[in-house]
Protein chains: 2
Amino acid sequence: MPYNLLVNNISKYIQLNEAEKEILFGYLKSKTIKRREFILNEGEICKYSVFVTSGCLRGFTVDKNGVEHVLGFAPPDWWIADMYSLISQKPGILNIEALEDTEAILLSKANQEKLYREVPKFERFFRILTENSLVANQQRIVDNMSLTAEERYSIFCKRYPTLIDHLPQKQIASYIGVTPEFFSRMRSGILRRS
Amino acid sequence: MPYNLLVNNISKYIQLNEAEKEILFGYLKSKTIKRREFILNEGEICKYSVFVTSGCLRGFTVDKNGVEHVLGFAPPDWWIADMYSLISQKPGILNIEALEDTEAILLSKANQEKLYREVPKFERFFRILTENSLVANQQRIVDNMSLTAEERYSIFCKRYPTLIDHLPQKQIASYIGVTPEFFSRMRSGILRRS
DNA sequence: CCCATTTCTTAATCTACATCATCTTTCCTG
DNA sequence: CAGGAAAGATGATGTAGATTAAGAAATGGG
């Protein structure tokens with residue numbers, strides 16, 4: 001069943017019976033995204049919560065100097081959206097792009113609200129998702145303020161071991177918050193020392 | 001009525017009838033916090049969501065060099081908690097301290113869960129709170145990565161105009177992510193230029 | 001209302017990381 | 001499988017903001 005990974009993901013936090021699963025499935029749709037394809041551009045209104053089942057997406061902003069800043073990656077079993085835009089239904093600042101060919105499941109904002117009404121425990125599920133994401137973001141703020149780039153890289157390696165090997169360095173550099181040049185130097189420094 | 005500000009705050013997102021308000025009130029308790037008093041120390045388990053009605057709290061972490069990093073302020077009409085610890089009920093990293101004599105309303109984790117069960121729409125309310133907070137945190141990550149200290153200060157001034165005058169500079173500096181020394185010279189630079 | 005403590009200012013020096021430029025390597029795509 | 005583009009490496013130089021130190025100003029507790 002194609003929604004297996006998603007059901008599994010949800011079951012970590014709430015229990016669904018067959019009827020509830022059917023309601024959920026009725027609100028989902030699948031999407032194939034090719035490498036380099038954007039599923040959201042800054043300035044657009046975000047209409048979907050996106051759950052990745054294979055491949056990898058990244059969410060990033062572009063600052064006034066044209067520099068990209070990666071806010072997060074979405075490998076399989078992760079959700080991604082421009083939360084600001086999704087919530088407010090105003091134009092957002094996030095771009096979401098496929099780093100490789102990707103399969104994803106989409107839940108539209110409208111369907112998500114219907115789901116809340118028909119199966120209220122989904123309210124709980126998405127609250128928990130948001131809470132987890134808030135906690136991760138707070139930790140990242142603290143890390144960015146108190147750690148060196150090297151320490152942040154080391155944390156990234158521990159937290160996302162599967163991502164390191166098949167993610168371009170410049171993407172990790174951008175997530176860490178340094179230039180690709182400095183990131184490269186930093187890595188060769190680490191290698192030389194160890 | 002002492003819970004007026006809180007009811008108002010909640011009413012922005014969900015509508016409560018009198019019976020629901022009474023249930024809520026039964027789960028709350030008031031607390032007076034003196035200037036410099038801590039209501040949460042890092043390493044403790046966070047047991048309360050705290051809503052400030054007067055005065056001001058700050059949430060901060062201390063890094064391995066002993067430097068404080070302010071994650072947020074809670075002036076009147078704001079909620080504060082160590083979300084990580086509150087959610088996981090594990091020891092947290094946040095300190096919460098009163099910057100001046102403060103009145104607050106406490107909702108314990110246990111009571112919050114009871115509230116969810118008895119009045120499910122509170123699930124929605126706290127989901128929305130968390131969402132808003134997530135959005136603000138994401139924006140802060142982007143700002144920290146793409147803006148200069150001066151630009152971040154300017155944003156802070158616009159976003160929290162009421163806080164600027166009665167908050168010690170070093171607290172703002174810490175929130176912005178610079179040393180008090182640099183913050184001071186930055187400000188005198190801004191003044192001299194304008 | 002006074003003194004101790006905290007906060008703020010200013011200056012000199014230092015450093016983590018950025019920028020710019022160039023070269024090499026990797027890797028999609030036709 | 002070739003060649004063009006993107007990614008990565010490396011060197012020289014520049015800069016935002018940190019650190020250290022010391023004095024001046026503010027402030028709140030007794």
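Just so we're on the same page: letters track the sequence lines, and every chain starts at 1.
Taking atom NZ of residue Lys170(A) and atom C1' of nucleotide dC27(C), one finds them 14 Å apart after rounding to whole Å. We find that CG of Asn144(B) is positioned 16 Å from C1' of dC17(C), with the value rounded to whole Å. If you measure from atom CD of Glu151(A) to atom P of dA16(C), you get 11 Å, rounded to the nearest angstrom. One interatomic measurement links the two molecules: CZ of Arg187(B) to P of dT9(C), which rounds to 6 Å at whole-angstrom precision.
For Thr61(A) (side chain) and Leu94(A) (main-chain N/O), no donor-acceptor pair under 3.5 Å exists by modelled atom type.
Ring geometry for Phe183(B) versus Tyr153(B): interplanar angle over 60°, hence perpendicular rather than tilted (30 to 60°). Taking the six-membered ring where the residue is Trp, Phe156(A) and Tyr160(A) present tilted rings, their angle falling between 30° and 60°. Aromatic ring orientation, Phe126(B) versus Trp79(B): perpendicular (interplanar angle above 60°, classes split at 30° and 60°).
Because its NZ or CZ atom is not both nearer than 6.0 Å to the ring centre of Tyr175(B) and within 45° of the ring axis, Arg58(B) does not count as a cation-pi partner of that residue.
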Under a 4.0 Å heavy-atom criterion, the protein footprint on nucleotides 14-30 of chain D, written with B, S and -, is ---BSBBB------SS-

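If you check the side chains of Tyr48(A) and Lys31(A), you find no donor sitting under 3.5 Å from an acceptor.
OP1 or OP2 of dT9(C) lies within a sub-4.0 Å distance of a side-chain N or O belonging to Ser184(B). Look at Gln169(A) and you won't find any side-chain N or O under 4.0 angstrom from OP1 or OP2 of dT26(C).
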